[in-house]
Amino acid sequence: MQEIVAAAKTIEAVFTPAGIAVWQNNGIPANQTIPHVHFHVAGTLEEGGTNWGDVDELAVAETDAIAARLLPVVKTFE
């Protein structure tokens with residue numbers, strides 16, 4: 001739970017979303033293909049909630065750039 005809190009605080013500090021959503025999916029009916037426990041932590045949309053659907057695949061360079069923005073901040077919350 002501490003890591004989830006740190007992730008939420010980091011997303012809020014870096015992206016300043018309207019809110020933060022935390023959820024967890026379990027089982028095939030919840031679209032989980034490999035059974036394991038994990039949590040999603042994401043900023044919400046201005047009108048609330050999140051988008052459910054396909055997510056655009058980003059290039060590794062783009063995800064590395066996002067990580068570079070998040071990493072220094074998340075370390076302050078750990």
Side-chain angles (χ1 to χ4, degrees):
M1 291 308 293
Q2 292 172 337
E3 297 300 328
I4 294 168
V5 170
K9 288 180 178 181
T10 301
I11 291 167
E12 191 170 47
V14 174
F15 296 106
T16 60
I20 298 289
V22 177
W23 70 96
Q24 192 232 0
N25 301 340
N26 279 315
I28 292 170
N31 296 320
Q32 187 179 47
T33 56
I34 299 172
H36 67 289
V37 175
H38 69 278
F39 292 87
H40 300 264
V41 182
T44 63
L45 303 169
E46 281 296 320
E47 62 275 10
T50 58
N51 279 339
W52 296 96
D54 294 334
V55 176
D56 293 336
E57 188 172 328
L58 300 177
V60 172
E62 290 176 275
T63 59
D64 285 349
I66 294 168
R69 289 179 65 190
L70 295 170
L71 189 58
V73 179
V74 74
K75 288 183 180 202
T76 66
F77 296 117
E78 292 179 334

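In this text the structure is predicted, and so the values were computed from the model without any measurement.
Residue L71 belongs to a hydrophobic cluster whose other members are V74, with links defined by side-chain heavy atoms closer than 4.5 Å. Using a 4.5 Å cut-off between side-chain heavy atoms of Ile, Leu, Val, Met, Phe, Trp and Tyr, F39 falls into a hydrophobic cluster with M1, I4, I11, V14, F15, I20, V22, V37, V41, L58, I66, L70, V73, F77. Annotation for I28: hydrophobic cluster partners, listed by chain and number, are none (ILVMFWY side-chain heavy atoms under 4.5 Å, direct or chained).
Remark: V5 engages K9 in a side-chain contact (heavy atoms from CB on, under 4.5 Å) (not counting sequence neighbours). Contacts of H38 classified as ring-ring contact (aromatic ring centres under 6.0 Å, His included), with partners at least two apart in sequence or in another chain: H36, H40.
Screening residues 56-74 for side-chain hydrogen bond (donor to acceptor under 3.5 Å, both in side chains), with sequence neighbours left out, gives no hits. Residue pairs meeting the side-chain hydrogen bond (donor to acceptor under 3.5 Å, both in side chains) criterion with at least one member in residues 19-29, sequence neighbours excluded: Q24-N26.
Taking both residues in full, the closest heavy atoms of Q32 and G27 are given as OE1-N, 2.9 Å, listed atom of the first, atom of the second, then distance. Here the closest heavy-atom approach between residue P17 and residue E12 is recorded as CD-CA, 3.7 Å.
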